[in-house]
Amino acid sequence: MSEFSGDIEIPPEMTFRELVEKSEGSNTSDWTLYDFRDEKYPYYCYGCKQVIRDQGYISEELCVHLHKSCAEFPCQIKHPLHSEHHLTLIIGVDRPQRINICNGCRDVCSVDEAAFYCKLCEFYLDFKCALLMDAYFSVHDRQTYEDRKERAEVQHFSHTHSLKLCNNVGKLNKSSCCSCRQKVSGFTYCCFDCGFYIHESCKNQMKEEINHPFHPQHSLRIYAMGKGDIETCRACRRSDIRDVRLSCDDCEFDLHYSCVTKPYPRAIKLKYHNHSLFYFGCESMVYNSTCDICGGKAKGAIFRCVECRFSKKGNFQLECISLPPVVKHESHGCDLMLLDSVKGHESPQYSCDICEERGNSKHHVYSCEDCNFIAHIECVISEEEPLQDRDSDQEEGEAERLYGLVPFALDAEIDFLQAKMEKLALKLEAIPGKRANNLRSILLRYKEKMTRV
């Protein structure tokens, strides 16, 4: 009994090459058997999408290339992965959905690809898996198939709908994983209706609730977001949290999940800010961030306050903090030099020799290159509490011994306030009236006091 592919009747003996002719409306196509082994550039088979490395057919009229084996493959088959019914070859618009998933390898099949289909069971096999009938009789491949079948569809707290396991979804679009924010590749769980993607490895590692130093007062939970919803990340300050947010709803505190899984060092506390500060490299900068010390546009690496809510506040450039180029630390006998990255380190991460936690090799470190000693800035120059809460003698002594930040921070703060007052004075000069004169007098007195400090 014949079956159908769209409007084309498919007799059991019809080959793929004949079906291509009929689907293109041509019955007189001139197919040439050609040896592709000496070709300089790769030619891909219209059926299995693999490179043709030996004999194949060419149709110049249809601009189609086929492996000889694919061209002669029947359009109706019985396959060991679906022995209940025949599978019928479908091409292009014949398929009921624009994107389908091969039940064998889990590769996505786009609308322009040939695939074998059972309408009764909605079972798909892409062309390359249909060719591998004998392989699926082996114990190993059968076990691999059964394992993928068990993982094929799951419910996960990161999304409201069920997720389907796909492979090679990156060939369809440039979407990124909602967890790591890297381009999707390999095995990925997808909801095509919502445009939701998460790597299988990221799904397995994701935790529904975590504690993190970015927000130590409360736990952070994963929340699935609606389609089109966007939030701003307190860490990287980018307004592009989509699909999944890591949040404390009590505090209206939102983060990318990827921003808490990066190897950020522990916090540091400096005199001129009440909250803990965290190191952020150049890759974490956001447009129009300003340095709280100099008032200029923040450039390069910074220490940032994650608690401060507004994107232009809580940023402190390293060049304004003026970290000492050479320091001593009790954990190492040699001088430690401040470097803008870990030199000669092939891995993207390193292990700090003081706290033994991970660090980003592209970030600033203190290092003794002769001894291969590497440490986080925060581990070399660390404070258990803000400097202003300490005894003044202890504060000044430690600051001078470690890095001399106290006098610099005070100078920077004074310079910043003076610049602010000069701008305010110019604005007041343009305002007539007694109140403006009084404000100018107050401003002048404060400037004189700050000059004497």
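Bear in mind that the values here come from a model prediction, so they are computed numbers and not experimental data.
- Taking the ring axis of Tyr189 as reference, the NZ or CZ atom of Lys203 stays within 45° of it and closer than 6.0 Å to the ring centre.
- With a 6.0 Å radius and a threshold of 12 heavy atoms from other residues, nucleotides or ligands, Gln217 has its CD atom above the threshold.
- The distance from the CD1 atom of Ile321 to the CD atom of Gln317 is 9.0 Å, given to the nearest 0.5 Å.
- A 4.5 Å side-chain heavy-atom check between Leu338 and Ile377 finds at least one atom pair inside the cut-off.
- Side chain of His275 to main chain of Lys269: no donor-acceptor pair is present (N/O by atom type, distance under 3.5 Å, no hydrogens or angles).
- Contact of the Leu163 side chain with the Ile198 side chain is registered, since non-hydrogen atoms from C-beta on lie closer than 4.5 Å.
- Counting non-hydrogen atoms of other residues, nucleotides and ligands closer than 6.0 Å to CD of Glu330 gives a total of 12 or fewer.
- Looking at His329 and Ser331, their side chains do bring a donor and an acceptor atom within 3.5 Å of each other.
- The 12-atom threshold is exceeded at CZ of Arg151, counting heavy atoms of other residues, nucleotides or ligands nearer than 6.0 Å.
- Using a distance-only test at 3.5 Å, with no hydrogens or angles considered, a donor-acceptor pair links the side chain of Asn204 to the main chain of Glu200.
- Counted by atom type alone, Tyr279 and His364 present one or more donor-acceptor pairs between their side chains at under 3.5 Å.
- Between Lys297 and Cys291, the closest side-chain pair of non-hydrogen atoms is not below 4.5 Å.
- Shown here for Cys178 and Asp243, the closest heavy-atom pair between the two residues is CB-CB, 3.8 Å.
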Show, in sequence, the C-alpha distance, side-chain angles and deciding distance for Phe196 and Val244, and conclude whether the side chain to side chain contact (heavy atoms under 4.5 Å, CB included) test is met. CA-CA 9 Å; Phe196 178 93; Val244 169; 3.9 Å; yes
Going through the checks in order, is the side chain to side chain donor-acceptor pair (under 3.5 Å) test met by Ser351 and Glu356? CA-CA 5 Å; Ser351 177; Glu356 299 183 353; over 6 Å; no
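- Ring planes of His273 and Phe316: perpendicular class, angle over 60° (limits at 30 and 60°).
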Yes or no on side chain to side chain contact (heavy atoms under 4.5 Å, CB included) for Ser276 and Cys305, after CA distance, side-chain angles and deciding distance? CA-CA 6 Å; Ser276 296; Cys305 174; over 6 Å; no
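- A parallel orientation is assigned to the rings of Phe280 and Phe214, their planes being inclined by less than 30° (bins at 30° and 60°).
- The aromatic rings of Tyr46 and Phe16 lie parallel to each other, their planes meeting at an angle below 30°, with 60° marking the opposite boundary.
- A donor-acceptor pair under 3.5 Å is absent between the side-chain atoms of Asn372 and the main chain of Glu369, judged by distance alone.
- The minimum heavy-atom distance between Leu81 and Phe123, with the atom names listed, is O-CZ, 3.8 Å.
- Using the six-membered ring where Trp is involved, Phe116 and Phe127 have ring planes that are tilted, between 30° and 60° apart.
- A cation-pi arrangement, defined by a distance under 6.0 Å to the six-membered ring centre and an angle within 45 degrees of its axis, is absent between Arg245 and Tyr257.
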Test side chain to side chain contact (heavy atoms under 4.5 Å, CB included) on Leu336 and Val380 and set out the steps. CA-CA 9 Å; Leu336 301 178; Val380 175; 4.1 Å; yes
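- Atom OG of Ser361 and atom CD1 of Ile374 lie 7.0 Å apart (nearest 0.5 Å).
- Taking all atoms of both residues into account, the shortest heavy-atom contact from Asp254 to Ser247 is OD1-OG, 2.5 Å.
- Judged by distance alone, with hydrogens and angles left aside, the side-chain atoms of Arg304 form a donor-acceptor pair with the main-chain N or O of Ala235 at under 3.5 Å.
- From Cys129, atom SG reaches atom CG of Leu87 across 11.5 Å, with rounding to the nearest 0.5 Å.
- Side-chain contact check for Ser176 and Arg181: no donor-acceptor pair (N or O, by modelled atom type) lies under 3.5 Å.
- Taking 4.5 Å as the limit, every side-chain heavy atom of Cys202 sits out of range of all side-chain heavy atoms of Gln182.
- Between the side chain of Arg234 and the backbone N or O of Glu307 there is at least one donor-acceptor pair closer than 3.5 Å.
- Atom SG of Cys236 sits about 7.0 Å away from atom CD1 of Ile241, to the nearest 0.5 Å.
- For the pair Lys128 and Asp107, the salt-bridge criterion is met [side-chain N within less than 4.0 Å of a carboxylate O].
- Neither side chain, Asn103 nor Tyr124, offers a donor N or O lying under 3.5 Å from an acceptor on the other.
- Between Phe36 and the options Tyr41, Tyr44, Tyr43, a ring pair (Phe, Tyr, Trp, His ring centres under 6.0 Å) holds for only Tyr43.
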Should Arg238 and Asp240 be marked as a salt bridge (Lys or Arg N to Asp or Glu O under 4.0 Å) after you check the CA-CA gap, both sets of side-chain angles, and the distance that decides it? CA-CA 6 Å; Arg238 289 186 168 92; Asp240 62 355; 5.1 Å; no
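- Of the possible polar contacts, none joining the Lys362 side chain to the Gly281 backbone as a donor-acceptor pair under 3.5 Å is found.
- Atom CG of Asn167 sits about 10.5 Å away from atom CD1 of Ile101, to the nearest 0.5 Å.
- At least one side-chain heavy atom of His156 sits less than 4.5 Å from a side-chain heavy atom of Met206.
- Side chain of His199 to main chain of Ser201: no donor-acceptor pair is present (N/O by atom type, distance under 3.5 Å, no hydrogens or angles).
- Side-chain contact between Leu220 and Asn211 is absent, with no heavy atoms from C-beta onward closer than 4.5 Å.
- Across all non-hydrogen atoms, the minimal contact from Leu125 to Gly104 is CD2-N, 3.7 Å.
- Classification of Glu231 and Arg242 as a salt-bridged pair fails, no side-chain N sitting under 4.0 Å from a carboxylate O.
- Put simply, CG on Leu246 and CZ on Phe253 are 9.0 Å apart, with the number rounded to the nearest 0.5 Å.
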Could you give me the CA-CA distance, side-chain angles and deciding distance for Cys191 and His159, then say whether side chain to side chain contact (heavy atoms under 4.5 Å, CB included) is met? CA-CA 9 Å; Cys191 175; His159 194 62; 3.5 Å; yes
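- At a threshold of 4.5 Å between non-hydrogen side-chain atoms, the residues His363 and His376 do not count as touching.
- In this structure, Leu339 and Ser367 approach most closely via the heavy-atom pair CD1-CB, 3.7 Å.
- Taking both residues in full, the closest heavy atoms of Ala130 and His79 are given as O-CD2, 3.8 Å, listed atom of the first, atom of the second, then distance.
- A distance-only check finds no donor-acceptor pair linking the side chain of Ser162 to the backbone of Glu153 [under 3.5 Å].
- Of the possible polar contacts, none joining the Ser239 side chain to the Arg237 backbone as a donor-acceptor pair under 3.5 Å is found.
- Checking side-chain atoms of His212 against main-chain N and O of Ser219 turns up no donor-acceptor pair under 3.5 Å.
- Residues Phe278 and Ile268 are not in side-chain contact: their nearest non-hydrogen atoms beyond the backbone lie 4.5 Å or more apart.
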